[in-house]
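Residue numbers start from 1 in every chain, and the chains themselves are labelled A, B, ... in the order their sequence lines are given, proteins ahead of strands. Worth saying up front: this structure is predicted, and the values here are computed from it rather than measured.
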Protein chains: 2
Amino acid sequence: MLSTMTSTGVRSAGTEPARAGSGAGGTDSATRAPESVQRLIEAGAEAFADKGFHATTTRDIAARAGMSPAGVYVHFASKEDLLFQLSLRGHQRALEVLEAARARRAAPPEQLADIVADFAQWHAEHFRTARIVQYEFPHLSPEHRDVVLRLRKDIDAIVRGVLTAGVGSGDFEVPDVPGTTLALLSMTIDVARWYEPGIRRTPGAIGTAYAELALRLVRP
Amino acid sequence: MLSTMTSTGVRSAGTEPARAGSGAGGTDSATRAPESVQRLIEAGAEAFADKGFHATTTRDIAARAGMSPAGVYVHFASKEDLLFQLSLRGHQRALEVLEAARARRAAPPEQLADIVADFAQWHAEHFRTARIVQYEFPHLSPEHRDVVLRLRKDIDAIVRGVLTAGVGSGDFEVPDVPGTTLALLSMTIDVARWYEPGIRRTPGAIGTAYAELALRLVRP
DNA sequence: GTCTATACCTTGATAGAC
DNA sequence: GTCTATCAAGGTATAGAC
């Protein structure tokens, strides 16, 4: 029952001691994300995705969240901490999307089509989060980078696993599995860079197109 | 004959008129890049590629170039101006690489293999410049972005042109030429993100591998 | 938990001696 | 063309009232 998180469940200062329960509050105070935290998270996501971590000021984030500059530090230990929360959630979500797509069907060709389609679509629909996940990763503190790195390896492993399975079943011909894994991820990840709302292609159509490209890439 | 540029010919403030000759120097002063400018360019490339534009300080750049902070402004109008010079030269070089690769052979399959191989290899060998070209582009001033954008469109057009030619000749089957162009560029550009010296694969091997992937992607 | 006010530091850029 | 010294502005983060 011990938790290192504050009552908002968001603060994460790596070095701080664990903390028990919810303090004096008699009632259930475990509500996950108070509105102010939610607003800060959205403000941070928008600002970081838009201008990058270092070009974003805490004043900017606070203003977007309709808050004073000091308000940020009630909920997050630092600007980098807010970035970490965003990056972590983003990576977790990306991994979930991939896992769900792989689990949906059994044969490698369908699995590959699904994971590529859903992953590409996710990078379009959630391009702000995806940009933070991909481009702001180097700006995390070394400790936070390590945490996120595990999730990134999991993501890679899923794609590689499907390719390997397809080679094993004879459905795919892939001379270089790690290289092709990387190329597939490069393609889909890059969607977050060039996508913007209002563009000609819808996220769904992008997903479909990339699934087809992926299958063309691995066919015998 | 009036000039707003310094004798190095490097300062570039967008709104300024063209410049003729070499000013007062009686002898040939058209030497392109004095050593200090060269050092600054290398320092800037290293720093921007390493930490990003906004995380890099002018003091950092100056220190890397073995210079005082004030020294930077003798040769560049601003920090952003140095970024622009780097971005511009990088884009020009990338375009040259592509054009040279396309010109080398006549048939679309060979052309595609060559442009993808050389472009991927360039992104590995010059990954610092390539990172600036790709990731720092949004941090250019609007005016400078416009200048560079033309080169980016030229790059895109070369790849698209080879695909179109291959479809015309019957060598390729490409359901969606713009989409496939983008996917090919995504793959190769992303090399700059993950490549680092000392990695298992050499730049040359990466180029060869990506050329093969490209051909697999477009074969009928 | 939010605010106002502010401490303290670093930033990009300039002035002026040499 | 380089330096030392410095400026004004803006940065992150904190203090303390409410």
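- Taking atom NZ of A:K79 as the reference point, atom P of C:dC9 lies 19 Å away to the nearest angstrom.
- Distance, B:H54 NE2 to C:dT10 P: 19 Å, rounded to whole Å.
- Applying the salt bridge (charged side-chain N to carboxylate O under 4.0 Å, His left out) test to B:R102 and every residue at least two apart in sequence or in another chain returns nothing.
- Side chains of A:E125 and A:Q121: a donor on one and an acceptor on the other come within 3.5 Å.
- Contact annotation: A:T58 side-chain N/O to D:dG11 OP1/OP2 distance is not under 4.0 Å.
- Mapping B:G66 and A:A55 onto DNA chain D by nearest heavy atom places B:G66 closer to the 5' end of the strand.
- Ring geometry, A:H123 versus A:F119: the interplanar angle exceeds 60°, so the pair is classed perpendicular (tilted spans 30 to 60°).
- Between B:F48 and B:F53, the ring-plane angle classifies as tilted under the 30° and 60° cut-offs.
- One interatomic measurement links the two molecules: CG of A:L83 to P of D:dA13, which rounds to 12 Å at whole-angstrom precision.
- B:R152 and B:H91 are linked by a side-chain donor-acceptor pair at a separation below 3.5 angstrom, with hydrogens and angles left out of the test.
- Remark: of the listed residues B:K51, B:R64, B:R39, B:R64 is the sole one forming a salt bridge (charged side-chain N to carboxylate O under 4.0 Å, His left out) with B:E46.
- An OP1 or OP2 oxygen of C:dT2 is reached within less than 4.0 angstrom by a side-chain nitrogen or oxygen of A:H75.
- Closest to the side chain of B:R59, out of C:dT11, C:dT2, C:dC3, is C:dT11.
- A sub-4.0 Å separation between OP1 or OP2 of C:dG12 and a side-chain N or O of B:S78 is absent.
- Of all nucleotides listed (C:dG1, D:dC3, C:dT11), C:dT11 comes nearest to the side chain of B:T57.
- Atom-to-atom distance recorded for A:L151:CG and A:S87:OG is 8.5 Å, nearest 0.5 angstrom.
- An angle of 0°, rounded to 10°, separates the two end axes of the helix from C:dG1-D:dC18 to C:dC18-D:dG1, each defined over five pairs.
- Atom CD in B:E35 sits roughly 13 Å away from atom P in D:dG1 (whole-Å rounding).
- The interatomic distance linking A:K51 (NZ) with D:dG10 (C1') rounds to 12 Å, in whole Å.
- Rounded to a whole Å, the CG atom of A:D81 is 13 Å from the C1' atom of D:dA13.
- If you measure from atom CD of B:Q38 to atom C1' of D:dG1, you get 17 Å, rounded to the nearest angstrom.
- Going from atom CD1 of A:I61 over to atom C1' of D:dG11 covers 12 Å, rounded to whole Å.
- Out of D:dA13, C:dT2, C:dT14, the shortest distance to the side chain of B:A70 is found at C:dT14.
- In terms of phosphate contacts, B:S68 brings no side-chain nitrogen or oxygen within less than 4.0 Å of OP1 or OP2 of D:dT2.
- Comparing C:dA15, D:dT14, C:dT2 by their nearest atom to the side chain of A:Y73 picks out D:dT14.
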